[in-house]
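Below you'll find the structure, written out as structure tokens, and then a few comments.
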Amino acid sequence: MLKIYNTLSGQKEVFKPLKPKRVRMYACGVTVYDYSHLGHARSALVFDVIRNYLQFSGYAVKYVRNFTDVDDKIIKRASEEGKTSAEIAEKYLLAYQEDMKRLGVAPADVEPKATEHIPDIIRLIKTLIKKGHAYRLNGDIYYEVKTYPAYGRLSKRKTEDLLAGARVEVDERKRDPMDFALWKSSKAGEPAWDSPWGRGRPGWHIECSAMSMKLLGKTFDLHGGGMDLIFPHHENEIAQSCAATGKEFARYWVHNGFVQINQEKMSKSLGNFFTIREIFEKWNRKWRTNDERKRDRLTAEALRYFLLTTHYRSPLDFSDVGLQEAKSALDGFYDLFKRLRESSVETTTSDVDVRVKQVIEELKNGFCQAMDDDFNTPAAIAALHRLRGEINRLPESGLSRQVRERTVKAFRKHGTVFGLFQIRVKDWEFNVPTGWMGQGMQTSFPSQPKEWRPTSGVTITEPPLPLIDEEKEIQRKVDERNEARRRKDFKRADEIRAELASFGITIEDRPDGTSRWKR
RNA sequence: GGCGCCGUACCCAAGUGGCUAAGGGAGCAGUCUGCAAAACUGCGAUGCGGCGGUUCGAACCCGCCCGGCGCCUCCA
């Protein structure tokens, strides 16, 4: 029985979708005016995992994630770069999709853009005007907050409190300082669409209301985004949507916590952010393969593991040490997969079979129990580790092929929810150079934000280890070494091992005199 | 000023009223090994920021305090 923490109620609730076995969910995507940072990655990953788990649990999911492609920040960026808003939006939209692909975050079922739904937005604004929730000020349309008594329900704010703390420049013409723009008249050179109120463009919040209701219905199951969207964005969405339809809008509100650097929120305005592509650039250099896509996959799994070892609602402090630990933990899984794959024994005793069945069942239960409890990914990962320990404890030599395959399948099946264990065993790289990361991009920021220059100066001084891609060559060396060991020529054997080690290859001897190796 | 969150071992991190406080990383010791590596075993918080209180019983509930953070303004 799945329970989800609902921001609306402030507590965990049993999840019951409107229609049995079907979930309609919407997550706020990004405003495409710059490259996305790790915070965006976390949010995207959280909802990717939620979608995956809902499907894993047997729900048919329709997932919508929007792009805000018309906005003040885009306009500003466009004028800075001497380009059109559309060009800026297009560029960063494609960059986002590329970043998501590298991260292994699957596209949403529908990824609507605000600019493609202008008629829907206008229609919604018309309804709000007609129902007395919005008013016109020259070419602008404002939502009148006090016409919606439930305003503040999501963010748990009283309208009086909001006023008291208002530090915003207030447009004096507004009926109330809290009223927000549904439609803005456009100045020359700004993107503009014809409307009953003249040429203009939508305000920030209205597009999510228009697109979510159009694509998912007036009432749908789950709506999410980062914590910072609770107010004002989602509060305003609720006000607009409910006022227009008179119906419930989204039923479960899910918000993820921030990524932080040195205990501070990672954000554009603080300047303490890493873009997703910076992380990939930096980490991809660790891997020995020349195949860029394989490198991406290795980095992506380490990053996903790292992000998922913290519960989605908690803040998460980013560090290279954390990523490194994630990689080490994954090594343990892949090492087990490797051994299971390489084992050549075909027989097994039935009690081992029974035991394997039992521990796989325990994984399933532990995993689902954790995920059903508000998507507790750290606890679910712990369940995976417990299975790893159990299997490692069983005599490796006694597992039949069938049992080994069943085990790996169980890992991969559950790992799919998180996007883990998807890499071919032979492509996983175990021994990566450490200790050189501090040479390049800073691993932690000083505490004075003004000095930060995180996006520049990425210099990697230590070159990657030389490549030995010829597996036959490696195997020849390994064979030669085992021949030497047979002769008790340990000096020669150790020489060969050292030589291979210099290429980042580790030898592990088996009891029968043969050896396996890994990068 | 208003609203809210967090503080669990060397590091990361679950747990939020009741078995021995998950799991990972790092470390140390042992088994195995020609030596290693991997794997396994053991060690590691009589205690969960501090002080009080409620309770038969609290990391978990309440109060106060200390430390850190977020939202109220664009923000995942």
Side-chain angles (χ1 to χ4, degrees), chain A residues 7 10 27-31 33-34 36-47 71-73 76 152 155-158 160-169 178 204 224-233 235 255-260 262-270 273 305-306 309-311 313-317 319 321-332 335-336 338-339 366 370 373 376-386 388-389 391-396 430-431 485 488-491 493-494 497-498 501 506-511 515-518:
Chain A
T7 308
C28 286
V30 290
T31 300
Y33 73 103
D34 202 349
S36 299
H37 60 61
L38 246 199
H40 301 109
R42 184 182 192 193
S43 192
L45 177 61
V46 164
F47 292 101
D71 175 88
D72 291 350
K73 290 193 292 289
K76 183 165 172 258
S155 54
K156 316 269 185 288
R157 285 161 218 270
K158 299 187 187 99
E160 311 89 72
D161 296 338
L162 288 170
L163 278 175
R167 278 177 278 154
V168 207
E169 270 181 59
M178 283 192 310
W204 175 34
M227 291 274 191
D228 47 357
L229 296 182
I230 294 172
F231 190 90
H233 186 57
E235 194 71 63
H255 293 97
N256 64 274
F258 298 125
V259 175
Q260 309 182 324
N262 292 341
Q263 266 80 253
E264 278 188 320
K265 177 182 175 181
M266 176 182 282
S267 73
K268 295 279 170 69
S269 43
L270 286 173
F273 61 92
Y305 184 99
F306 169 71
T309 47
T310 299
H311 184 83
R313 283 192 281 119
S314 301
L316 180 155
D317 216 74
S319 68
V321 173
L323 251 186
Q324 190 65 57
E325 286 185 1
K327 170 63 172 56
S328 298
L330 282 170
D331 280 344
D335 197 86
L336 172 60
K338 198 171 172 65
R339 274 179 285 121
D373 183 16
N376 193 334
T377 54
I381 287 173
L384 290 163
H385 277 290
R386 280 196 294 272
R388 184 175 69 89
I391 299 295
N392 270 332
R393 221 161 284 136
L394 296 172
E396 190 185 320
F430 291 87
N431 308 299
R485 286 170 67 217
K488 305 267 184 223
D489 183 358
F490 297 122
K491 188 164 174 278
D494 289 349
R497 185 166 63 194
T506 305
I507 303 284
E508 294 175 8
D509 296 335
R510 296 197 187 91
S515 305
R516 71 190 188 93
W517 59 270
K518 61 190 187 186

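In this text, all values refer to a predicted model and were calculated from it rather than measured experimentally. Just so it is clear: chains get the letters A, B, ... in the order the sequence lines come, proteins before strands, and each one is counted from 1.
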Carboxylate-amine/guanidinium proximity below 4.0 Å for A:R497 and A:D494: yes
Which nucleotide in B:A37, B:C69, B:G24 has an atom nearest any side-chain atom of A:E325: B:G24
Sugar-phosphate only, base, or nothing, as touched by A:V46 at under 4.0 Å among non-hydrogen atoms: nothing
Same-atom distance (P) from B:G23 to B:G15, integer angstrom: 15 Å
Length of the NE2-P vector between A:H385 and B:C40, whole Å: 12 Å
Whole-Å distance separating the CD1 atom of A:I230 from the C1' atom of B:C5: 11 Å
For atom CG of A:D317 and atom P of B:C12, their distance in whole Å: 8 Å
Under 3.5 Å donor-acceptor pair, A:D494 side-chain atoms to B:G34 base atoms: yes
Touch class at under 4.0 angstrom, heavy-atom based, for A:D335 against every strand present: sugar-phosphate
Assigned partner base of B:C32, Watson-Crick or wobble definition, under 3.5 Å: none
Row check, A:F490 ring normal vs A:R485 NZ/CZ: under 6.0 Å, within 45°: no
Spacing between A:E235 atom CD and B:C3 atom P, to the nearest angstrom: 16 Å
Per A:A382 side chain, nearest of listed nucleotides B:G23, B:G34, B:A14: B:G23
A:H311 NE2 to B:C12 C1', straight-line distance once rounded to whole Å: 16 Å
Counterpart base for B:A14, defined by Watson-Crick or G-U wobble contacts under 3.5 Å: none
A:N392 vs B:A38: side-chain N/O to OP1/OP2 distance below 4.0 Å: no
Listed nucleotide nearest any side-chain atom of A:F231, set B:A76, B:C72, B:C35: B:C72
For the student: nearest non-hydrogen atoms of A:Y305 and A:I381, plus distance: OH-CG2, 3.5 Å
A:D509 side chain, from C-beta outward: closest of B:G15, B:G23, B:G34: B:G34
For B:C71, the Watson-Crick or wobble partner whose two distances fall under 3.5 Å: B:G2
Where A:S43 and A:G225 come nearest, the two heavy atoms and their spacing: OG-C, 4.2 Å
Shortest non-hydrogen contact between A:I507 and A:S515, atoms and distance: CG2-CB, 4.0 Å
A:F258 side chain, from C-beta outward: closest of B:G25, B:A37, B:G70: B:G70
side-chain N/O A:H40 vs B:A76 OP1/OP2, d < 4.0 Å: yes
For atom CG of A:L316 and atom P of B:C6, their distance in whole Å: 15 Å
Plane angle bin for A:H37 and A:F273 - parallel if under 30°, tilted between 30 and 60°, otherwise perpendicular: tilted
Sugar-phosphate only, base, or nothing, as touched by A:M227 at under 4.0 Å among non-hydrogen atoms: nothing
Pairing partner (Watson-Crick or G-U wobble, both distances under 3.5 angstrom) of B:G27: B:C43
Separation of the P atoms in B:C5 and B:C60, to the nearest angstrom: 16 Å
Nucleotide paired to B:A59 in any strand shown, Watson-Crick or G-U, under 3.5 Å: none
Sugar-phosphate, base or nothing in reach of A:L229, heavy atoms under 4.0 Å: sugar-phosphate
Sugar-phosphate, base or nothing in reach of A:F306, heavy atoms under 4.0 Å: nothing
Minimum-distance nucleotide (side-chain atoms of A:R516 versus B:A36, B:A13, B:A38): B:A38
Sugar-phosphate, base or nothing in reach of A:G39, heavy atoms under 4.0 Å: base
Shortest non-hydrogen separation from A:F47 to A:G224 and the atoms involved: CZ-CA, 3.5 Å
Rounded interatomic separation in angstrom, taking CG from A:L323 and C1' from B:C11: 14 Å
Touch class at under 4.0 angstrom, heavy-atom based, for A:R386 against every strand present: sugar-phosphate
N or O in side chain of A:K156 less than 4.0 angstrom from B:C71 OP1/OP2: no
P atoms of B:G42 and B:C11, separation to the nearest Å: 24 Å
For the student: nearest non-hydrogen atoms of A:G152 and A:E235, plus distance: N-OE2, 2.8 Å
Polar contact flag, side-chain donor to acceptor under 3.5 angstrom, A:T31-A:D71: no
Sugar-phosphate only, base, or nothing, as touched by A:G225 at under 4.0 Å among non-hydrogen atoms: sugar-phosphate
Closest to side chain of A:E264, choosing from B:C69, B:G25, B:G24: B:C69
Below 4.0 Å: OP1/OP2 of B:A36 and any side-chain N or O of A:R485: no
d(CZ, A:F430; C1', B:A38) in whole Å: 10 Å
Distance test, side-chain N/O of A:S314 to OP1/OP2 of B:A14, below 4.0 Å: yes
Spacing of the C1' atoms in B:C32 and B:G68 (rounded, Å): 47 Å
Minimum-distance nucleotide (side-chain atoms of A:S43 versus B:A76, B:G34, B:A39): B:A76
Nearest-nucleotide pick for A:R157, side chain only, options being B:A76, B:C3, B:C71: B:C71
Touch class at under 4.0 angstrom, heavy-atom based, for A:G224 against every strand present: nothing
Side chain of A:E508 - closest among B:G34, B:A39, B:A37: B:A37
B:U46 and B:A59, which share atom name P, separated by this distance in whole Å: 13 Å
